[in-house]
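First the structure, in the form of structure tokens, and then the observations on it.
Note that the structure is predicted; figures quoted are calculated from it, not measured.
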Amino acid sequence: QPIMTQPIMTQPIMTQPMMTQPMMTQPTMSQPMMSQPIMNQPIMNQPIMNQPIMNQPIMNQPMMGQGMMGLGPFNVEMDCAALRGAMRGLGTDEDTIINIICQRTNMQRQQIKQYYISAYGRDLITDLKKELSGNFEKVVVALFQTPSEFDASSLYHAMKGIGTDEGTLIEIIGTRPSFQLSQIKQSFRQMYNKDLVKWVESETSGGLRKLLVSLLLAQRSENQVPNQQQCMMDAQSLYQAGEARWGTDEGIFNQIFSTRSRADIICINQCYQSLRGKTLERVIEKEFIGDTQKLFLTLLKVFINPSAYF
């Protein structure tokens with residue numbers, strides 16, 4: 001019952017502490033829609049005529065490779081001394097190794113790796129490999145890789161030997177922004193003295209190969225505010241290349257999906273839905289098959305709602 005219905009003298013204000021009604025209990029629905037990131041809003045529930053794209057710039061923030069905040073104070077000298085002590089003598093203090101590397105960001109682990117060489121004249125990774133074994137060794141060594149080194153290693157092992165793990169290629173190349181793909185290509189060459197693009201060309205075929213190579217060229221726009229007219233033209237081009245003809249012009253799909261920004265793809269998807277009454281996801285499922293379809297769907301889902309994809 002609102003307080004105004006009760007006589008003031010029977011209910012002194014001191015008996016009702018304000019802390020019992022914190023502001024946070026108010027429903028968030030009263031806040032403007034602009035305060036909610038677009039990635040959390042399903043496209044089907046946001047008709048393009050009600051949500052002007054031009055008023056919703058989408059930041060092209062990196063989706064991968066951002067380490068967590070470190071836990072506790074960080075002292076690179078103390079960490080290196082503790083790691084060195086954990087591996088000296090008989091046996092290995094695995095608990096110390098775990099406690100250190102699991103409470104440090106990737107950037108902090110890179111500092112530890114470099115300082116260890118300066119302080120002891122030894123390579124930390126080599127020492128860890130000597131002291132550890134099995135899956136525990138693999139996890140620890142992987143944690144000391146940079147994001148681009150880890151991706152490069154994963155791609156290498158996905159193509160090394162007989163057969164190719166297309167799923168790994170799709171997940172990594174299809175989800176990383178252009179600047180990370182450039183870093184991955186550089187790490188791949190440094191680690192294996194091989195050209196990643198040429199390796200992908202030799203290990204894949206058909207539409208999958210063409211789209212993977214297009215993505216590895218890292219020519220995607222960084223535009224954060226889509227051009228509504230251009231998006232409408234792109235949506236029409238996709239229709240003409242797919243549903244409007246017998247067979248599919250994969251080149252048009254490749255060009256748009258490998259060069260347009262995340263904001264552009266979201267806008268194009270909404271424009272297509274406005275024009276044809278269906279999403280690009282349904283179009284891709286109809287026009288493509290196999291791994292090529294999986295890669296196109298991966299690109300679309302990561303752009304529209306990355307948190308739901310991962």
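For Asp264, the salt bridge (Lys or Arg N to Asp or Glu O under 4.0 Å) criterion is met by no residue, not counting sequence neighbours. Taking Asp165 as the reference, nothing meets the salt bridge (Lys or Arg N to Asp or Glu O under 4.0 Å) condition, with sequence neighbours excluded. For Ser258, the side-chain contact (heavy atoms from CB on, under 4.5 Å) test picks out Ser214, Leu215, with sequence neighbours left out. In terms of the side chain to side chain donor-acceptor pair (under 3.5 Å) criterion, residue partners of Lys278 (sequence neighbours excluded) are, by chain and number, Glu243. Partners of Asp195 according to the side chain to side chain donor-acceptor pair (under 3.5 Å) rule, which considers only residues two or more places apart in sequence or in another chain, are Arg189. Every residue was checked against the side chain to side chain donor-acceptor pair (under 3.5 Å) condition with Tyr192, not counting sequence neighbours, and none meets it. Partners of Ser178 under the side chain to side chain donor-acceptor pair (under 3.5 Å) rule, at least two apart in sequence or in another chain, do not exist in this structure.
Considering CD1 of Ile98 and CD of Gln103, their distance stands at 11.0 Å, rounded to 0.5 Å. The distance from atom NZ of Lys113 to atom CG of Asp79, rounded to the nearest 0.5 Å, is 15.0 Å. Here Ile268 contributes atom CD1 and Met233 contributes atom CE; the two are 11.0 Å apart, rounded to the nearest 0.5 Å. Here the CG-CG distance, from Asp127 to Leu83, works out to 10.0 Å after rounding to the nearest 0.5 Å. With values rounded to the nearest 0.5 angstrom, Leu280 atom CG is found 13.5 Å from Tyr239 atom OH. To the nearest 0.5 angstrom, Cys267 atom SG is 15.0 Å from Tyr272 atom OH.
Of all non-hydrogen atoms in Ile252 and Ser237, the two that sit nearest each other are CG2-O, 3.9 Å. Between Glu222 and Ser261 the shortest heavy-atom distance is C-CB, 4.3 Å. For the pair Gly174 and Thr298, the tightest heavy-atom approach, listed with the atom from each and the gap, is O-CG2, 4.0 Å. Nearest heavy-atom pair, Glu287 versus Gly247, reported as atom, atom and distance to 0.1 Å: OE1-O, 4.3 Å. Considering every non-hydrogen atom in both Asn305 and Ser307, the closest pair reads OD1-OG, 2.9 Å. Across every non-hydrogen atom of Arg104 and Pro73, the tightest pair is NH2-O, 3.5 Å.
No donor-acceptor pair under 3.5 Å is formed between the side chain of Ser274 and the backbone N or O of Gln270. At distances below 3.5 Å, not a single donor-acceptor pair connects side-chain atoms of Arg109 with backbone N or O atoms of Cys102. Not a single donor-acceptor pair under 3.5 Å links the side chain of Arg245 to the backbone N or O of Gln240. Put simply, the side chain of Lys210 never gets that close to the backbone of Asn254: no donor and acceptor are under 3.5 Å apart. A donor-acceptor pair under 3.5 Å links the side-chain atoms of Gln219 to the main chain of Leu217, judged by distance alone.
Screening residues 196-209 for side chain to side chain donor-acceptor pair (under 3.5 Å) gives Thr164-Glu203 as the qualifying pairs, with residues at least two apart or on separate chains. Counting only residues at least two apart or on different chains, the salt bridge (charged side-chain N to carboxylate O under 4.0 Å, His left out) pairs with a member in residues 147-156 are Asp151-Arg176. Applying the salt bridge (charged side-chain N to carboxylate O under 4.0 Å, His left out) test to pairs two or more places apart or on separate chains, those with a residue in residues 224-234 are Asp234-Arg260.
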Considering only distance and modelled atom types, tabulate donor-acceptor pairs under 3.5 Å from the side chains of residues 290-297, sequence neighbours left out.
| unit_1 | atom_1 | unit_2 | atom_2 | d |
| --- | --- | --- | --- | --- |
| Thr292 | OG1 | Leu208 | N | 3.1 |
| Gln293 | NE2 | Glu285 | O | 3.2 |
| Gln293 | NE2 | Phe288 | O | 2.7 |

Indicate every side-chain donor-acceptor pair of residues 131-141 with a distance under 3.5 Å to a residue at least two apart or in another chain.
| unit_1 | atom_1 | unit_2 | atom_2 | d |
| --- | --- | --- | --- | --- |
| Glu131 | OE1 | Thr92 | OG1 | 2.6 |

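Residue Leu169 is grouped with residue Met191 when hydrophobic side chains (ILVMFWY) are merged at heavy-atom distances under 4.5 angstrom, including chains of intermediate members. Leu143 is connected to Tyr115 through a chain of hydrophobic side-chain contacts under 4.5 Å among Ile, Leu, Val, Met, Phe, Trp and Tyr, so both are in one cluster. Under the 4.5 Å side-chain heavy-atom criterion for Ile, Leu, Val, Met, Phe, Trp and Tyr, Val197 and Ile172 are members of the same hydrophobic cluster. Phe144 and Phe150 sit in two unconnected hydrophobic clusters of ILVMFWY residues. Membership requires side-chain heavy atoms under 4.5 Å apart, directly or through other members. Connection of Ile117 to Leu124 is not established within any shared hydrophobic cluster, with ILVMFWY side chains joined at heavy-atom distances below 4.5 Å, either directly or through further cluster members.
Under the 4.5 Å side-chain criterion, counting only non-hydrogen atoms from C-beta, Phe310 is in contact with Thr175. Between Val283 and Leu238, the closest side-chain pair of non-hydrogen atoms is not below 4.5 Å. Proximity of Gln145 to Ser153: side-chain heavy atoms (C-beta onward) are separated by under 4.5 Å at one or more points. Between Ser154 and Glu171, every side-chain heavy-atom pair lies at or beyond the 4.5 Å cut-off.
Side-chain polar atoms of Arg84 and Tyr120 form no donor-acceptor pair below 3.5 angstrom.
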